[in-house]
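The residues of the chain are indexed from 1 along the displayed sequence. Note that this is a predicted model, so its numbers are computed, not measured.
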Amino acid sequence: MAAAGFVAILAICLALSPSFSYAYDDAPLQDFCVAVPDASAAVFVNGKICKNPKQVTSDDFVGTGFNIPVDTNNSLGSGFKLVDVNVVPGLNTLGLSLLRVDFAPGGVIPPHTHPRATEAVVVIEGTIYAGFVTSNPADNTKNRLYAKILKPGDIFVFPIGLVHFLRNVGKTKAMGIVAFNSQNPGTITIANAVFGTEPLISPEVLTKSFQLDKKVIESLQSKF
């Protein structure tokens with residue numbers, strides 16, 4: 001009898017365990033949580049500390065300057081302006097951040113990933129070649145590239161965590177607006193992460209991994 005009772009209790013616990021696992025709120029518990037701009041705060045939370053709602057103003061939900069072109073006079077021929085919780089405090093906990101990206105002719109946003117967000121880009125001006133690469137297939141076949149040449153009004157989606165890129169393939173400047181479903185999507189630029197770490201990854205590791213001469217690896221590391 002005792003054994004049967006134990007089995008019954010165990011079965012109930014196992015049945016309820018998914019409920020316990022998801023017994024939290026994955027959405028805000030209030031209308032908003034305007035961030036407090038305190039870089040020296042000793043408390044760390046998944047986001048930023050909330051301002052007293054009675055002290056919140058309309059300005060906490062406003063950002064400006066998205067209409068101003070970003071400087072593209074650099075080696076990549078591209079530049080961006082990020083609008084996140086540090087620019088618009090009212091974005092805190094809402095799972096959203098935005099980006100304006102400008103391109104000179106031939107400008108590129110190099111291959112990179114966002115570990116915490118899916119990204120969608122809307123082309124406003126120019127012609128942009130955009131694409132992403134799938135994760136390693138289980139059957140050891142090649143990674144698949146999904147890419148498209150985009151015109152103004154076109155939208156392209158980059159799934160969370162996948163390597164992707166953008167390039168202006170037109171003869172004039174280009175511009176797009178990007179949205180992330182995270183207030184802190186994170187960015188890992190592939191070349192920087194491989195060749196520009198501090199301290200550097202051992203050249204022997206990279207020589208073997210990329211099947212390149214050590215001098216080539218050291219040359220690449222010197223560029224980042």
Nearest-0.5 Å distance that lies between atom OG in Ser135 and atom CZ in Arg144: 13.0 Å
Donor-acceptor contact below 3.5 Å, side chain Asn92 vs main chain Val34: no
Validation row: Leu76, Pro110 side chains within 4.5 angstrom (heavy atoms): yes
Heavy-atom donor-acceptor pair, Thr134 side chain to Asn143 backbone, under 3.5 Å: no
Single-linkage hydrophobic cluster, 4.5 Å side-chain cutoff, Val163 and Leu220 together: yes
Distance-minimising heavy-atom pair for Arg167 and Gly106: NE-O, 3.8 Å
Charged N-O contact under 4.0 Å between Asp60 and Lys51: yes
Flag, side chain of Thr207 to backbone of Pro203, donor-acceptor distance under 3.5 Å: yes
Min side-chain heavy-atom separation Val83-Leu99 under 4.5 Å: no
Whether Asn181 side chain and Ala117 backbone form a donor-acceptor pair below 3.5 Å: no
Gln221 side-chain N/O to Ile201 backbone N/O, donor-acceptor pair under 3.5 Å: yes
Residue Asn140 excluded, over 12 heavy atoms near CG under 6.0 Å: no
Side-chain donor or acceptor of Asn73 paired with backbone N/O of Gly77 under 3.5 Å: no
NZ on Lys148 to CG on Asp154, rounded to 0.5 Å: 8.5 Å
Flag if over 12 foreign heavy atoms under 6.0 Å of CG, Asn74: yes
Donor-acceptor side-chain pairing of Asp84 and Gln183 below 3.5 angstrom: no
Where Phe156 and Ala130 come nearest, the two heavy atoms and their spacing: CZ-O, 4.0 Å
Value rounded to 0.5 Å, distance of OG1 in Thr113 from CD1 in Ile188: 4.0 Å
Exercise: do Asn184 and Ser182 side chains pair donor with acceptor under 3.5 Å: no
Non-hydrogen atoms of Pro199 and Thr197 that approach each other most closely: O-OG1, 2.7 Å
Shared hydrophobic cluster for Leu91 and Val36 (ILVMFWY, side-chain gaps under 4.5 Å): no
Between Phe180 and His114, ring centroids under 6.0 Å: yes
Evaluation steps, side-chain contact (heavy atoms from CB on, under 4.5 Å), between Phe210 and Val194: CA-CA 11 Å; Phe210 289 98; Val194 174; 3.7 Å; yes
Hydrophobic cluster identity match, Val178 and Phe103, side-chain contacts under 4.5 Å: yes
Heavy atoms from other residues, nucleotides or ligands near CZ of Phe80 exceed 12 (cutoff 6.0 Å): no
Beyond-backbone contact of Ile177 with Met175, side-chain heavy atoms, under 4.5 angstrom: yes
Hydrophobic cluster membership, Leu98 vs Ile155, 4.5 Å side-chain cutoff: yes
Where Ser78 and Ile109 come nearest, the two heavy atoms and their spacing: OG-CD1, 3.4 Å
Nearest-0.5 Å distance that lies between atom NZ in Lys81 and atom CG in Asp102: 11.0 Å
Gap separating the OG atom of Ser222 from the CD1 atom of Ile217, nearest 0.5 angstrom: 11.0 Å
pair Leu166-Val108: side-chain heavy atoms closer than 4.5 Å: no
Asp71 side, atom CG; Ile68 side, atom CD1 - distance, nearest 0.5 Å: 12.5 Å
side-chain contact (heavy atoms from CB on, under 4.5 Å) between Leu200 and Phe195, intermediate numbers included: CA-CA 7 Å; Leu200 292 173; Phe195 300 110; over 6 Å; no
Closest contact, heavy atoms only, Gly131 versus Phe158: O-CE2, 3.6 Å
is_close_aromatic(Phe132, Phe165), centroid dist under 6.0 Å: no
Expected output: side-chain Thr72 to main-chain Gly79 donor-acceptor under 3.5 Å: no
Closest approach of Ala174 to Gly126 (non-hydrogen atoms, all atoms of both residues): CB-CA, 3.9 Å
Exam field: side chain His164 to backbone His112, donor-acceptor pair closer than 3.5 Å: yes
Ser209 side chain vs Val205 backbone, donor-acceptor pair below 3.5 Å: yes
Cluster overlap Leu162 with Val101, hydrophobic side-chain contacts below 4.5 Å: yes
